[in-house]
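Here's the structure we're looking at; comments come further down.
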Amino acid sequence: MRVDVITIFPDYLSPLREALLGKAIDKGLLELGVHDLRKWTYDVHKAVDDSPFGGGPGMVMKPQVWGEALEEVCAGAVTRGSTPRLIVPTPAGRPFTQAVAEELARESHLVFACGRYEGIDQRVIDDAATRMPVEELSIGDYVLVGGEVAVLAIVEAVVRLLPGVLGNPASHQQDSFSDGLLEGPSYTRPVVWKDREVPEVLRSGNHAAIARWRRDRALERTFERRPDLLAALPDSELDKQDRKL
Ligand SMILES: NC(=S)c1ccno1
């Protein structure tokens with residue numbers, strides 16, 4: 001997978017070259033390009049924003065600058081014969097979920113546009129949508145100062161799903177949300193810590209009982225914290241034992 005990020009704060013994206021994602025880059029599983037939007041400005045102040053039509057607080061990011069940036073960054077994909085998918089993180093976007101992460105993990109090229117201020121001139125999105133899939137995504141119902149933090153979250157959630165990135169591919173199967181439920185509690189050594197003992201079933205070696213216990217704890221936690229996820233589960237996903245809980 002190739003990921004390109006266009007931003008006025010390239011250093012904000014440095015964490016994408018650390019730890020697991022850095023290893024994915026070293027292994028050739030991820031290609032990462034981070035581009036300074038000001039590269040496509042020509043005035044002495046390298047201006048990327050201007051006052052909003054219709055008035056109101058804040059500034060809007062200029063269409064000319066973004067247009068040229070996307071043209072150049074996406075042109076590379078066209079020569080490689082692939083069509084990139086443009087993602088614009090905004091509070092007004094489609095909720096970013098594990099299911100969306102799995103959908104994006106199937107793409108070969110993602111381009112992220114990091115808005116700042118009051119956002120990017122709408123014509124940039126509309127123009128880009130004539131050449132590639134474009135989508136606004138939101139990582140939550142809150143407002144950040146820019147899209148960079150959202151890109152860090154989205155790219156990590158997506159890239160960890162790529163084959164070969166996680167040491168143990170089975171890790172995905174126990175992810176929260178992978179089966180529509182929240183992950184239950186985890187434990188490691190020592191058996192007793194501050195008079196708190198690891199549940200005996202987890203030390204029993206009885207794999208069926210362990211699987212049942214884990215499923216029950218996941219159902220309980222999901223019921224307590226995210227009943228909406230339970231309500232969204234198809235009936236076929238709940239077995240007879242689940243229903244007894
Ligand atoms: N909630 C999201 S994704 C966002 C982007 C910019 N501000 O908030």
Please check if the side chain of [X] supplies one atom and the backbone of [Y] the other of a donor-acceptor pair under 3.5 Å.
X      : Y      : answer
Tyr42  : Lys39  : no
Arg203 : Val198 : yes
Arg217 : Pro185 : no
Arg221 : Glu183 : yes
Arg243 : Leu238 : yes
Thr41  : Asp43  : no
Lys27  : Gly164 : yes
Asp242 : Asp239 : yes

Are [X] and [Y] side-chain neighbours, meaning at least one heavy-atom pair lies under 4.5 Å?
X      : Y      : answer
Val60  : Pro52  : yes
Ser138 : Pro95  : no
Leu86  : Arg131 : no
Leu181 : Leu229 : no
Glu31  : His109 : no

Heavy-atom neighbours of [X] [atom1] exceed 12 at 6.0 Å:
X      : atom1 : answer
Glu135 : CD    : yes
Arg196 : CZ    : no
Phe223 : CZ    : no

Taking NZ, NE, NH1 and NH2 as the nitrogens, is one of them in Arg85 or Glu103 under 4.0 Å from a carboxylate oxygen of the other? yes
State whether Asp49 and Lys62 are salt-bridged, where the test is any N-O pair (Lys NZ or Arg NE/NH1/NH2 against Asp/Glu carboxylate O) under 4.0 Å. no
Begin with the C-alpha distance, continue with both residues' side-chain angles, and end with the deciding distance and a verdict on side chain to side chain contact (heavy atoms under 4.5 Å, CB included) for Tyr117 and Val48. CA-CA 10 Å; Tyr117 316 112; Val48 293; 4.0 Å; yes
Verdict with supporting geometry, Arg38 and Val65, side chain to side chain contact (heavy atoms under 4.5 Å, CB included): CA-CA 8 Å; Arg38 295 190 196 277; Val65 184; over 6 Å; no
So if I apply the side-chain contact (heavy atoms from CB on, under 4.5 Å) rule between Trp66 and each of Val88, Asp127, Ile6, which one comes out positive? Ile6
I'd like to know whether Leu219 forms a side chain to side chain contact (heavy atoms under 4.5 Å, CB included) with Arg215, so could you lay out the CA-CA distance, the side-chain angles of the two residues, the decisive distance to 0.1 Å, and finally the verdict. CA-CA 6 Å; Leu219 285 161; Arg215 176 79 175 176; 4.0 Å; yes
Evaluation steps, side chain to side chain contact (heavy atoms under 4.5 Å, CB included), between Leu29 and Met1: CA-CA 6 Å; Leu29 300 171; Met1 175 182 281; over 6 Å; no
